[in-house]
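Notes follow once the structure below has been shown.
Starting from 1, each residue takes its place in the sequence as its number. Atoms within each ligand, like the ligands themselves, are counted from 1 in listed order. Only heavy atoms go into these numbers, but all of them, side chains included; no hydrogens, no water, no symmetry mates.
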Amino acid sequence: MSVRELVILGTASQVPTRHRNHNGYLLRWDGEGLLFDPGEGTQRQMLRAGVAAHDLHRICVTHFHGDHSLGLAGVIQRINLDRVPHEITAHYPRSGRHFFERLRYATAYRESVQLTEAPVAADGVLAASKAYTLEARKLAHPVESYGYRLVEPDGRRMLPERLASYGIKGPDVGRIQREGALGDVTLEDVSVVRRGQRFAFVMDTRLCDGVYALAEGADMLVIESTFLDADVELAVEHGHLTAGQAGGVARDAGVRHLVLTHFSQRYDDPDEFERQARAAGFEGELTVAHDLLRVPLPKRR
Ligand SMILES: [Zn+2]
């Protein structure tokens with residue numbers, strides 16, 4: 001069984017607290033690891049969460065504020081120290097390339113790993129494989145910010161009773177899957193579409209088209225909810241979301257599992273974020289993130 005889960009490394013906006021590290025999220029997707037927004041202290045949080053440098057294949061940075069990127073220096077040096085044998089690709093807003101270069105070469109170390117930079121400069125597809133297509137969409141924040149989304153290609157689920165009714169069995173099942181037909185029987189006659197899973201990652205932004213485009217139909221949406229609804233004016237002013245806004249996005253987009261995170265240190269009751277997202281009408285699964293939590297992708301529909 002392939003593992004698809006979110007490992008939460010940190011959940012604090014702006015500054016770490018006694019209980020929350022700066023941001024950091026690892027998505028395990030089959031054999032691959034995608035590290036999103038490594039804030040300060042991510043290297044140590046990886047250790048605490050049982051995530052090795054070898055587990056990383058991609059790094060996706062939404063924007064260059066410290067709580068989303070200061071951990072790059074440590075993580076990149078650790079990847080090299082541990083001589084990760086495979087290529088690692090890093091995505092980040094191209095307008096922040098100078099920040100990435102500074103963090104990548106913050107201090108002296110021996111570079112041993114192929115770290116490929118693939119900056120983002122527009123909405124669109126960044127990478128495509130059998131396992132997923134990775135897309136970016138521009139968000140709305142005082143510094144340029146991009147959200148990310150993984151979309152697994154649709155597959156087909158074979159229907160045993162239909163196969164039996166056409167007398168298809170044994171190696172012929174594989175043949176019709178590969179070739180699309182067997183005599184007069186087509187693949188469509190004996191199978192239905194199995195929708196690919198979708199994961200969306202939406203960090204610092206105010207409400208904008210990109211937020212909705214990323215969240216649309218997501219099996220799991222990880223989204224910032226920096227503020228509670230009473231502070232919506234602060235949220236708009238600083239380019240952030242409230243818990244109610246995040247819940248409203250998830251409701252409208254048909255999200256199955258909503259993960260709220262990136263909390264301002266001004267609040268002390270995490271449950272209030274859930275209450276406000278629920279009050280906005282979101283009825284799916286909901287997790288208020290805390291450090292070192294693992295959240296599995298929901299089972300296929
Ligand atoms: Zn932030």
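Between D229 and R275 there is no salt bridge, since no side-chain nitrogen of the basic residue lies less than 4.0 Å from a carboxylate oxygen of the acidic one.
Among the heteroatoms counted here (N, O or S) of D204, OD2 is the one nearest to the Zn ion (ligand 1). D67 contributes atom OD2 as its closest N/O/S atom to the Zn ion (ligand 1).
Residue H68 counts as close to the Zn ion (ligand 1), with an N, O or S atom under 2.8 Å. Residue H262: an N/O/S atom is found under 2.8 Å from the Zn ion (ligand 1).
The aromatic rings of F199 and F201 sit parallel, their planes meeting at an angle under 30°, below the 60° perpendicular limit.
Side-chain contact of H262 with D67: a donor-acceptor pair under 3.5 Å is present, judged by distance alone.
A 6.0 Å sphere centred on CZ of R175 holds no more than 12 heavy atoms belonging to other residues, nucleotides or ligands.
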